[in-house]
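The next block holds one structure in the form of structure tokens; read it before the comments.
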There are 2 protein chains.
Amino acid sequence: MRKISDATITRLSRYYRSLARLERKNQEMVSSKELAQTGGATSVQVRKDLSCFGQFGTRGLGYPVCQLKETIAHILGLHRTWNVALVGAGSLGAALISYKEFKRQGFHIVAVFDKDPAKVGKNKRGLIILDIKNLPEVSRELKIDMAIVAVPKTEAQSVVNLLVQAGFKVILNFAPVNLMAPPQVTIRNVNMAIELEALSYRLMAN
Amino acid sequence: MRKISDATITRLSRYYRSLARLERKNQEMVSSKELAQTGGATSVQVRKDLSCFGQFGTRGLGYPVCQLKETIAHILGLHRTWNVALVGAGSLGAALISYKEFKRQGFHIVAVFDKDPAKVGKNKRGLIILDIKNLPEVSRELKIDMAIVAVPKTEAQSVVNLLVQAGFKVILNFAPVNLMAPPQVTIRNVNMAIELEALSYRLMAN
DNA sequence: AAAAGCTTGTGAAGACTTTCACAACCTGCC
DNA sequence: GGCAGGTTGTGAAAGTCTTCACAAGCTTTT
């Protein structure tokens, strides 16, 4: 299998959402053109993206909504649930625990960690905050697959080091800082400030 | 001026952060190589990115830290403050109000709106929640420059319509849904679920 | 059964980004 | 001054991603 670009994977997620909506509307078939419009892409792009994984459509008809949705779910790993650890029980952490879309797509936050002794033991949206020291054992016991980092930027690197040591292979980081990790560990960054800065640039440029 | 790619702007933001850190360490000069390492890029990329806007370095020496930081600040519009409206006073909204990095970079959330009458009038982290009906006037009065959408995905499109009508030109959207807007309006999406899905794909692939 | 109307799948072209390679230039040392 | 060591700035090459163009194939109509 040739390498799939990150952009393609991101678009697949969007197609998946569009397909889910079409499924709720009981639409049976969808053309690449229609899927493109609701997914913010072009019809060729939809077809090219899908062609990376096989041939799922019928010429003249389009793609079967349910079936294509299931196919994408399997490609992205959405047909199963994933256990997620959240590190950082601040307000962003709280928001992430409550974030419905995670649960909807099968991402279950099953443990929250913090290093602040004042927080450890407290209940946060239904989860007991655990001491970050126990992260390695708890992760093993609960079979946690991925981690979300939502700590202040000063703490982020040490948290990542701990996660790497504990064997985590993928990490979603919300701290606005560039993190170092060995190449076999994938870190994705959500940097909300950078997003605003790109918008501010847009306002400056016009 | 030729078109600047989005990737370049995003990297400039990262360089800016690295420069700020070097400035705190009182480092005077920095080479593209060093800037690249801390900013997660290559040295050539740093130089190419900067060369879009002018020549800021000295051969053999590198770039003056403070001066380059200021230059980037001006390019990105970080030398001034921006007034930001937040729509959606849920837990994500609360987290965004408290998010320090926004304030640090000059993005001030000066108003929070919600459509829920039960929330309107309440205090959220120091801000009184306003009725979304008043968004147009309040935005004009407070000279609000940009908007953040942090409402459930079912509400997002109607909120965006309202924002567009009120004259907003740039919007940062956190709702996990594809939004439609006229071409002169820039929408940036932060879709946390899609980020996790990309990670889940990574776990599937290996 | 042939034609018309759609739509997929894909090689090739085009556009955009990144990387390479190197001239140009600065500083410090001999 | 001249040389060594280091770094920028940039045209060109390489690589990646997107768009174009069109054959292939399905369904409906006549």
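The chains referred to below are lettered A, B, ... by the order of the sequence lines, with proteins before strands, and numbering in each begins at 1.
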Any donor-acceptor N/O pair under 3.5 Å between D:dT19 base and A:K48 side chain: yes
In whole Å, I'd like the distance from the [atom1] atom of [X] to the [atom2] atom of [N].
X	N	atom1	atom2	answer
B:R47	D:dT7	CZ	P	10 Å
B:M29	C:dG28	CE	P	11 Å
A:F53	C:dG9	CZ	P	14 Å
B:E28	D:dT7	CD	P	16 Å
A:L50	C:dT7	CG	P	16 Å
A:I4	D:dC17	CD1	P	10 Å
A:D6	D:dT16	CG	P	14 Å
B:E34	D:dT7	CD	C1'	13 Å

- prompt: More than 12 foreign heavy atoms under 6.0 Å from CD of B:Q67: is that the case here?
  reply: no
- request: Report, as yes or no, whether the 6.0 Å neighbourhood of atom NZ on A:K124 holds more than 12 heavy atoms from other residues, nucleotides or ligands.
  value: yes
- request: Name the residue closer to the 5' end of DNA chain D, choosing between A:G60 and A:D49 according to the nucleotide with the nearest heavy atom.
  value: A:D49
statement: Comparing nearest nucleotides in DNA chain D, the 5'-proximal residue of the pair A:Q45, A:T58 is A:Q45
- line: Of all heavy-atom pairs linking A:I144 and A:V138, the shortest is CD1-O, 4.4 Å
Side chain of [X], heavy atoms from C-beta onward: which of [options] has the nearest atom to it?
X	options	value
B:Y63	D:dT8, C:dC26, D:dA21	D:dT8
A:V44	C:dT27, C:dT17, D:dC20	D:dC20
B:R59	C:dC25, C:dT8, D:dT10	C:dC25

query: Do you see a donor-acceptor pair shorter than 3.5 Å between the side chains of B:T8 and B:S5?
result: yes
task: Check the side chains of B:Q105 and B:E101 for a donor-acceptor pair under 3.5 angstrom, ignoring hydrogens and angles.
output: yes
- prompt: Do the side-chain N or O atoms of B:Q55 get closer than 4.0 angstrom to the phosphate oxygens (OP1, OP2) of C:dC25?
  reply: no
Look at all strands and tell whether [X] reaches a base, only sugar-phosphate, or nothing, counting heavy atoms closer than 4.0 Å.
X	value
B:S32	sugar-phosphate
B:T8	nothing
A:S43	nothing

